[in-house]
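Here the structure comes first, spelled out in structure tokens, and everything after it is commentary.
Quick note: numbers below take in every heavy atom, side chains included, and nothing from hydrogens, waters or symmetry partners.
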Amino acid sequence: MKKLIFIIITALGSSCISNNESSGIDEILEFYGGRVEYSIGANASTEDELQGKFFELKMMDVDFDKYFQDNYRLPASNIAYLYYKNLDESERDDYSFIRVVLTNDSNEYILEFSTDQLEQIRSSMPIMDSTVEYLAKQDYQGLILTFHPMLRSNLDSLKYTNEQLGIDQQYGKVTGFSLQGFKTTQLAVQNSTLNCLRISGVLLRETQKTDFSITIEADRYSKAILGIRYAK
């Protein structure tokens with residue numbers, strides 16, 4: 001039998017949450033606008049779903065369809081991460097997962113992200129930061145050295161560099177990066193299956209922004225890049 005227990009429900013003020021949690025909510029509002037209601041609860045169930053204590057963020061008055069259409073998981077993952085990354089270690093350990101509720105007209109879309117997933121993205125952001133730094137410096141040979149050997153082996157480095165310089169010429173040099181979300185996935189490589197993390201966002205450029213994502217090995221310390229994608 002499914003059993004769901006809510007411990008605390010609060011939607012106004014921040015007296016029941018820490019300063020770090022309040023900062024996370026403020027960052028979400030700064031990024032998306034709209035309104036946020038939050039609640040803290042615990043889930044215990046015999047069904048195949050996330051268990052334990054959770055923090056719920058309910059987003060209202062935001063037109064996610066305008067940017068994401070049916071891909072609600074992308075902004076939901078970003079909302080969960082913006083909250084999670086503001087927590088200190090003890091606060092991160094206090095929750096089993098973060099629940100995000102996106103409202104659209106009369107519909108609600110509920111998506112949940114375990115703290116293990118969110119810790120993967122938090123510990124992987126340095127490689128995205130270094131990737132953006134390589135792009136900003138137009139150091140494409142240096143960037144190639146961070147690629148997984150499998151990716152490098154099939155890459156013409158001179159052709160790749162020239163292609164990226166052409167993108168820079170058309171859209172302007174890279175000046176920064178704005179995270180839009182992430183997803184966990186699996187990738188078949190040779191005779192094994194790798195757990196991967198795809199980090200997606202927007203490259204800020206001098207002339208026009210471009211979509212950008214990298215795929216890395218989620219479980220490896222090296223977190224080598226397995227895939228990289230640019231789009232207009």
Side-chain angles (χ1 to χ4, degrees), residues 4-44 49-126 128-129 132 176-184 197-202 204 209 213:
L4 180 65
I5 305 172
F6 283 99
I7 300 175
I8 302 170
I9 301 291
T10 178
L12 299 174
S14 57
S15 59
C16 294
I17 60 175
S18 71
N19 290 335
N20 292 331
E21 290 177 300
S22 181
S23 294
I25 292 173
D26 288 343
E27 191 167 347
I28 292 167
L29 290 171
E30 182 178 357
F31 194 100
Y32 291 102
R35 296 185 296 124
V36 176
E37 289 184 356
Y38 60 83
S39 61
I40 300 171
N43 188 26
E49 56 186 19
L50 293 175
Q51 305 294 304
K53 185 178 178 181
F54 64 86
F55 194 96
E56 179 178 291
L57 295 152
K58 184 175 182 179
M59 296 294 300
M60 295 168 290
D61 300 336
V62 181
D63 186 6
F64 289 104
D65 280 338
K66 182 178 179 180
Y67 303 101
F68 300 100
Q69 297 179 353
D70 294 330
N71 187 15
Y72 298 111
R73 178 162 288 274
L74 193 64
S77 66
N78 195 37
I79 290 165
Y81 175 70
L82 290 174
Y83 167 78
Y84 178 83
K85 76 182 183 71
N86 279 277
L87 307 183
D88 63 27
E89 185 174 357
S90 63
E91 290 168 332
R92 293 195 295 268
D93 290 341
D94 198 34
Y95 296 110
S96 297
F97 63 98
I98 307 301
R99 173 180 290 168
V100 178
V101 181
L102 305 182
T103 60
N104 180 17
D105 296 327
S106 59
N107 298 318
E108 288 188 345
Y109 302 89
I110 301 174
L111 300 105
E112 297 174 340
F113 304 90
S114 71
T115 50
D116 287 342
Q117 285 180 302
L118 294 167
E119 184 59 27
Q120 280 184 343
I121 183 70
R122 192 185 73 86
S123 64
S124 299
M125 283 307 294
M128 175 59 88
D129 294 339
V132 174
F177 175 77
S178 175
L179 179 68
Q180 298 295 314
F182 70 93
K183 67 176 293 186
T184 55
L197 183 67
R198 181 178 298 161
I199 306 172
S200 300
V202 174
L204 308 178
K209 301 174 185 177
S213 66

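Taking Ser213 as the reference, Arg198, Ser200, Arg229 meet the side-chain contact (heavy atoms from CB on, under 4.5 Å) condition, with sequence neighbours excluded. In this structure Glu112 satisfies the salt bridge (charged side-chain N to carboxylate O under 4.0 Å, His left out) test together with Arg99, sequence neighbours excluded. Applying the ring pair (Phe, Tyr, Trp, His ring centres under 6.0 Å) test to Phe31 and every residue at least two apart in sequence or in another chain returns nothing. For Phe97, the ring pair (Phe, Tyr, Trp, His ring centres under 6.0 Å) partners are Phe54, not counting sequence neighbours. Here Tyr83 pairs with Phe55 under the ring pair (Phe, Tyr, Trp, His ring centres under 6.0 Å) rule; sequence neighbours left out. Looking at residues two or more places apart in sequence or on another chain, you find no side chain to side chain donor-acceptor pair (under 3.5 Å) involving Ser96. Annotation: side-chain contact (heavy atoms from CB on, under 4.5 Å) contacts of Asp93 (sequence neighbours excluded): Glu89. Partners of Asp61 by salt bridge (charged side-chain N to carboxylate O under 4.0 Å, His left out), not counting sequence neighbours, listed by chain and number: Arg35. The salt bridge (charged side-chain N to carboxylate O under 4.0 Å, His left out) search around Lys183 returns none, not counting sequence neighbours. The salt bridge (charged side-chain N to carboxylate O under 4.0 Å, His left out) test applied to Asp94 returns Lys53, not counting sequence neighbours. For Ser178, the side chain to side chain donor-acceptor pair (under 3.5 Å) partners at least two apart in sequence or on another chain are Gln180.
One distance of note links CD of Gln117 with OG1 of Thr184; it measures 4.5 Å at 0.5 Å rounding. Atom CD1 of Ile25 is separated from atom CG of Asn86 by 10.0 Å, given to the nearest 0.5 angstrom. With rounding to the nearest 0.5 Å, the separation of CE in Met128 from CG in Leu197 is 9.0 Å. For the atom pair Ile121 CD1 and Ile199 CD1, the distance stands at 4.0 Å (nearest 0.5 Å). The structure places CD1 of Ile110 at 11.5 Å from OG1 of Thr103, a figure rounded to the nearest 0.5 Å. Atom CZ in Arg122 sits 10.5 Å away from atom CG in Leu118 (nearest 0.5 Å).
Smallest separation of non-hydrogen atoms from Ala76 and Val100: O-CG2, 3.5 Å.
Tyr81 and Phe113 have their aromatic ring centers separated by at least 6.0 angstrom.
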Decide ring pair (Phe, Tyr, Trp, His ring centres under 6.0 Å) for Phe64 and Tyr32; before the verdict, give the C-alpha distance in whole Å, the side-chain angles of both, and the deciding distance to 0.1 Å. CA-CA 9 Å; Phe64 289 104; Tyr32 291 102; 5.5 Å; yes
Assess the residue pair Asp116 and Ser114 against the criterion (side-chain hydrogen bond (donor to acceptor under 3.5 Å, both in side chains)); give the C-alpha distance rounded to whole Å, side-chain angles, the decisive distance to 0.1 Å, and a yes or no. CA-CA 5 Å; Asp116 287 342; Ser114 71; 5.0 Å; no
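Pairs engaging residues 19-30 under the salt bridge (Lys or Arg N to Asp or Glu O under 4.0 Å) rule: Glu27-Lys85 [sequence neighbours left out].
Within the 4.5 Å cutoff, the side chain of Val101 has heavy atoms near those of the Glu56 side chain. The shortest side-chain heavy-atom distance between Tyr84 and Thr115 falls under the 4.5 Å cut-off. Taking 4.5 Å as the limit, some side-chain heavy atom of Ile79 sits within range of a side-chain heavy atom of Met59.
Atom CG of Asp129 has more than 12 heavy atoms from other residues, nucleotides or ligands within 6.0 Å.
For the residue pair Ser18/Asn20, the side-chain donor-acceptor check at 3.5 Å is not satisfied.
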